[in-house]
Asks: 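Pasting a structure below so you can have a look.
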Amino acid sequence: MDKLDLKKADRPFYAGKVGQWTQITLPAVQYLAIEGRGDPGGADYAAALAALYPLAYGIKFAQKAEDRDFVVPPLSAVWWSDDLDAFTSNARESWQWRAMIRMPDYVTQADFAAAKVSKEVEAPVELISVEEGLCLQTLHVGPYTDEGPVLADLHDNVMPAMGLTFGEPHHEIYLSDPRRVAAEKLRTKLRQPVKPL
């Protein structure tokens, strides 16, 4: 039985180069998702992750029993704020977020519901479909707190020069585990859904 690895099967979703914004159009993709507000270093975000991971692995092992094994994809999160400058100025207390783990297309709402019961997860996690459409994305290497200038350049220079404005909220895909990788070596995919001005 082959194990589905979405990072390999959908390589363009996760590819990118430092300092280069690449244009990509993404179809609808499903995620386990939970929303919250505030600093990603805070207790609410940690609790969200503590709810997501047992569900992701519960679904994985149930699918493996049905000969449809998959690699649990990296954590990602969508970020937004009433004030877009909150991201470039690192005002984390005003950030709103949706922490997410991608799921294969064949995972159903029934699979999700069964995993939620078996793992006794009471947190408000959902299985949702997200269609980001046209996006610009790049690879950031370094601490999360160093993303501000990269995003400021995107907002102030790259997007206006391309005749684009904001579509859906900013999306980050965490390709490194911060528990195992030094901050200066963290690899994060920065993705901004966009639309024509």
Asks: Looking only at heavy atoms, which two atoms of Ala51 and Ala123 are closest? And how far apart?
Replies: CB-CB, 3.6 Å
Asks: Just wondering, are more than 12 heavy atoms of other shown residues or ligands nearer than 6.0 Å to CD in Gln20?
Replies: yes
Asks: Answer yes if Leu49 and Leu32 sit in the same cluster of Ile, Leu, Val, Met, Phe, Trp and Tyr residues linked by side chain heavy atoms under 4.5 Å apart, and no otherwise.
Replies: yes
Asks: For the atom pair NZ (Lys3) and NZ (Lys64), what is the distance rounded to the nearest 0.5 Å?
Replies: 6.0 Å
Asks: Working to the nearest 0.5 Å, report the span between CD of Gln23 and CG of Leu164.
Replies: 6.5 Å
Asks: Search all heavy atoms of Ala33 against all heavy atoms of Met100 and return the closest pair with its distance.
Replies: CB-CG, 3.9 Å
Asks: Locate the shortest heavy-atom distance separating Met103 from Leu6; write the atom from each residue and the value.
Replies: C-CD1, 4.3 Å
Asks: Before you tell me yes or no, could you show the steps for Leu52 and Ile34 under side chain to side chain contact (heavy atoms under 4.5 Å, CB included), namely the whole-Å CA-CA distance, both residues' side-chain angles and the distance that decides it to 0.1 Å?
Replies: CA-CA 8 Å; Leu52 280 180; Ile34 183 169; 3.9 Å; yes
Asks: Are the side chain of Lys185 and the backbone of Pro143 linked by a donor-acceptor contact shorter than 3.5 Å?
Replies: no
Asks: Do Val78 and Glu168 come close enough that some side-chain heavy atom pair is under 4.5 Å?
Replies: no
Asks: Between Tyr45 and Asp39, is there a side-chain heavy-atom distance shorter than 4.5 Å?
Replies: no
Asks: Is there side-chain contact between Arg102 and Asp10, with at least one heavy-atom pair below 4.5 Å?
Replies: yes
Asks: Does this structure show an ion pair linking Lys7 with Asp5, if we count only N-O contacts that are shorter than 4.0 Å?
Replies: no
Asks: Without swapping roles, check the side chain of Ser176 against the backbone of Val181 for a donor-acceptor pair under 3.5 Å.
Replies: no
Asks: Run the salt-bridge test on Asp44 and Arg37 with the 4.0 Å N-O cut-off and return the result as yes or no.
Replies: no
Asks: Assess whether a salt bridge exists between Glu172 and Arg191, defined as any Lys/Arg side-chain N lying under 4.0 Å from an Asp/Glu carboxylate O.
Replies: no
Asks: Atom OG1 of Thr22 and atom CG of Leu136: how far apart are they, to the nearest 0.5 Å?
Replies: 8.5 Å
Asks: Would Leu4 and Val71 show up in the same hydrophobic cluster when neighbours are defined by side-chain heavy atoms closer than 4.5 Å?
Replies: no
Asks: Quick check against the 3.5 Å criterion: does Tyr106 have a side-chain atom that pairs as donor or acceptor with the backbone of Arg68?
Replies: yes
Asks: Once rounded to the nearest 0.5 Å, what's the spacing between atom CG of Asp111 and atom CD of Glu66?
Replies: 8.5 Å
Asks: Do Gln63 and Asp69 meet the criterion of a side-chain donor-acceptor pair at a distance under 3.5 Å?
Replies: no
Asks: Report yes if some heavy atom in the side chain of Asp153 is under 4.5 Å from a heavy atom in the side chain of Val158; otherwise report no.
Replies: yes
Asks: Please tell me if the side chains of Gln192 and Leu151 come closer than 4.5 Å, counting only heavy atoms from C-beta onward.
Replies: no
Asks: Using a 4.5 Å cut-off on heavy atoms from C-beta on, say whether the side chain of Leu154 contacts that of Met159.
Replies: yes
Asks: Where do Trp21 and Val150 come nearest, in terms of heavy atoms and distance?
Replies: CZ2-CG1, 3.8 Å
Asks: Any sub-3.5 Å donor-acceptor pair from Gln109's side-chain atoms to Leu127's backbone N or O?
Replies: yes
Asks: If you look at every heavy atom in Ile101 and Pro73, which pair is closest and at what distance?
Replies: CG2-O, 3.9 Å
Asks: Check whether Gln30 reaches the backbone of Val107 with its side chain - one donor and one acceptor, N or O, closer than 3.5 Å.
Replies: yes
Asks: CD/Glu131 to OG1/Thr25 distance, rounded to the nearest 0.5 angstrom?
Replies: 10.0 Å
Asks: Looking only at heavy atoms, what is the nearest atom pair of Ser76 and Tyr31, with distance?
Replies: OG-CE2, 3.9 Å
Asks: Less than 3.5 Å apart, any donor N or O on the side chain of Glu132 or His171 sitting next to an acceptor on the other?
Replies: yes
Asks: Run the ring-centre check on Tyr144 versus Trp95 and record whether the distance is less than 6.0 Å.
Replies: no
Asks: Taking the side chain as every heavy atom from C-beta outward, state whether Tyr174 and Leu186 have any pair of such atoms under 4.5 Å apart.
Replies: no
Asks: Within this structure, what is the CG-OH distance for the pair Leu139 and Tyr14, rounded to the nearest 0.5 Å?
Replies: 14.0 Å
Asks: Surrounding CD of Glu184 (heavy atoms of other residues, nucleotides or ligands, distance under 6.0 Å), is the total greater than 12?
Replies: yes
Asks: Any donor and acceptor pair, going by atom type alone, linking the side chain of Lys60 with main-chain N or O of Phe70 inside 3.5 Å?
Replies: yes
